[in-house]
Trainee: 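Below is one structure. I have some questions about it.
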Number of protein chains: 2
Amino acid sequence: MAVDRRKLIVEAATKSFSLFGFKATTMEQVAKIANVGKGTIYTFFKTKEELFDEIVNCLIKEMKFAAEESIDESKSFQENVHRALYRILEFRLEHQLTIKLFQEGREMRTPAVMEVIERIEKAVLNFIKDKIELAIEKDEIQPCEPELTAFVMIKMYIALIFDWEKNHQPLTKEMIAKTLEQHIFQGLSK
Amino acid sequence: MAVDRRKLIVEAATKSFSLFGFKATTMEQVAKIANVGKGTIYTFFKTKEELFDEIVNCLIKEMKFAAEESIDESKSFQENVHRALYRILEFRLEHQLTIKLFQEGREMRTPAVMEVIERIEKAVLNFIKDKIELAIEKDEIQPCEPELTAFVMIKMYIALIFDWEKNHQPLTKEMIAKTLEQHIFQGLSK
DNA sequence: GAATGACCAATTTAGACTTTTGGTCAAAAG
DNA sequence: CTTTTGACCAAAAGTCTAAATTGGTCATTC
């Protein structure tokens with residue numbers, strides 16, 4: 001084959017979804033960008049959602065890779081959780097597609113987008129959960145419900161990065177690390 | 001005066017806001033429920049928002065009272081934070097007005113309602129912040145940024161009560177207390 | 001002087017009409 | 001044959017405007 005039409009389509013769709021979001025992207029436009037007949041898209045993907053899902057799956061893989069890359073086995077569990085979560089949220093802010101998606105989810109609540117956001121969040125949860133399970137096995141942290149702990153950590157991170165700055169000065173990376181350290185790891189008890 | 005028209009109006013408006021929300025409540029309806037001419041409302045309140053604000057201020061006071069009541073000086077700071085936050089969120093679920101308001105905020109983003117929700121959340125933040133400052137003074141907990149710590153605690157509570165059950169079995173009051181204890185107070189470090 | 005409801009400007013709603021869009025498929029291309 | 005295509009269709013979304021509603025006023029009433 002001269003050109004990989006499937007790849008062309010996926011690339012075109014990624015570009016369009018990143019630029020205009022899911023709802024505002026039309027299949028005709030994707031076809032045009034990909035230099036392909038509209039019908040051709042449907043030989044590879046049953047629906048617009050299926051095309052979207054493939055792209056998001058790819059995004060999730062990239063995200064996992066970025067997170068995994070940020071981990072340094074020689075560092076402590078705490079340090080690594082901080083690095084991974086910070087990297088993941090950084091990723092969200094660096095990639096046009098995630099920015100657009102979360103925006104569309106917030107502003108229009110497009111069902112397909114809401115679903116996909118949930119998938120992304122589940123993937124992050126599972127990633128952190130795995131790290132926690134490992135840390136428990138290696139006796140680096142107290143035993144706990146890994147899923148619940150991962151959930152708490154992520155919520156806290158999101159809150160510190162995205163919610164706090166709605167009413168306050170944004171926190172620096174160091175402040176966030178310190179807050180996580182002080183609250184989750186060290187606790188406040190005397 | 002035979003009847004306190006102001007009180008009648010406030011009561012009628014409270015009933016209507018609780019039942020239909022802010023946007024779906026019309027001043028005419030409030031007047032009708034209060035058995036009062038529409039113009040009368042405007043002799044007490046300049047706008048619909050002003051009437052709304054008065055009612056919400058009252059709600060916030062009640063909420064503070066409930067929270068304050070739930071505190072037992074003889075118990076530990078941790079126990080009291082848990083009791084107070086649990087009571088506040090319970091309050092939110094017991095009162096038709098808060099239920100309707102948070103729902104309207106979520107679903108329609110009515111600006112006046114968004115503002116009011118922010119006011120409620122600020123009040124809760126300040127309440128907890130005060131308790132934390134007190135606890136630091138009394139040397140019950142480590143020194144920390146009271147506002148940031150209060151913020152983290154509240155976010156964690158909301159997450160554990162409202163967000164966790166979107167994808168999992170709801171947590172019992174005890175599980176929530178334990179999670180807060182384990183994560184915030186005791187920490188996970190070894 | 002306090003209370004009222006008819007009244008008004010402004011916003012919201014309803015729904016008829018138009019356009020766009022996801023998806024199909026018979027025909028064209030290879 | 002298989003693969004690609006774009007005209008085509010039903011359905012969904014968008015647009016436009018006339019009608020209804022609503023927050024707020026104020027001359028009149030009590």
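These numbers come from a predicted model, not from an experiment. In the text below, chain A, chain B and the rest are named by the order of the sequence lines, each starting its count at 1.
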Trainee: For the backbone of Glu50(B) and the side chain of Thr47(B), can you confirm whether one donor and one acceptor N or O come within less than 3.5 Å of each other?
Mentor: yes

Trainee: Give the rounded distance in Å between these two atoms: CZ of Arg6(A) and C1' of dT3(D).
Mentor: 16 Å

Trainee: Starting from P on dT4(D), measure out to CD1 on Ile41(A) and report it in whole angstrom.
Mentor: 12 Å

Trainee: Between Phe22(A) (CZ) and dA13(D) (P), how many Å, whole number?
Mentor: 11 Å

Trainee: Counting only side-chain nitrogens and oxygens, does Thr43(B) get under 4.0 Å of the OP1 or OP2 atom of dA2(C)?
Mentor: no

Trainee: Are Arg92(A) and Phe102(A) in a cation-pi setup, meaning NZ or CZ lies under 6.0 angstrom from the ring centre and within 45 degrees of the ring axis?
Mentor: yes

Trainee: For Phe127(B), is the NZ or CZ atom of Lys129(B) found under 6.0 angstrom from the centre of its six-membered ring and inside 45 degrees of the ring axis?
Mentor: no

Trainee: Hey, does the side-chain of Lys38(A) have a donor or acceptor N/O within less than 3.5 Å of a partner on the base of dG22(C)?
Mentor: yes

Trainee: Between atom CD in Glu49(B) and atom P in dT22(D), what is the gap in whole Å?
Mentor: 15 Å

Trainee: Judged by each residue's nearest nucleotide on DNA chain D, which is more toward the 5′ side, Ala24(B) or Thr40(A)?
Mentor: Thr40(A)

Trainee: State which of dG23(D), dT12(C), dT5(D) makes the closest approach to the side chain of Lys23(B).
Mentor: dT12(C)

Trainee: Can you identify which nucleotide, out of dG23(C), dT5(D), dA3(C), has its nearest atom closest to the Lys48(A) side chain?
Mentor: dG23(C)

Trainee: Rounding to an integer number of Å, can you tell me how far Met27(B) CE sits from dA9(C) C1'?
Mentor: 17 Å

Trainee: Could you check which of dA3(C), dT5(D), dG23(D) has an atom nearest any side-chain atom of Phe44(B)?
Mentor: dA3(C)

Trainee: Is the side chain of Lys48(A) donor-acceptor paired with the backbone N or O of Phe22(A) at a distance under 3.5 Å, no angle test?
Mentor: yes

Trainee: Would you indicate what Thr26(A) reaches in the nucleic acid, counting non-hydrogen atoms under 4.0 angstrom: base, sugar-phosphate, or nothing?
Mentor: sugar-phosphate

Trainee: Under 4.0 Å: is that the gap between some side-chain N or O of Arg5(A) and OP1 or OP2 of dT4(D)?
Mentor: yes

Trainee: Could you tell me how far apart Gln29(B) (CD) and dG5(C) (P) are, to the nearest whole angstrom?
Mentor: 16 Å

Trainee: Please report the distance, rounded to the nearest Å, between CG in Asp4(A) and C1' in dT4(D).
Mentor: 15 Å

Trainee: Check whether NZ of the Lys or CZ of the Arg Lys100(A) lies under 6.0 Å from the centre of the six-membered ring of Phe17(A) and within 45 degrees of that ring's axis.
Mentor: no

Trainee: What is the distance from CZ of Phe52(A) to P of dG23(C), rounded to the nearest Å?
Mentor: 13 Å

Trainee: Using a 4.0 Å heavy-atom cut-off, does Lys32(A) contact any base of the nucleic acid, only the sugar-phosphate backbone, or nothing at all?
Mentor: nothing

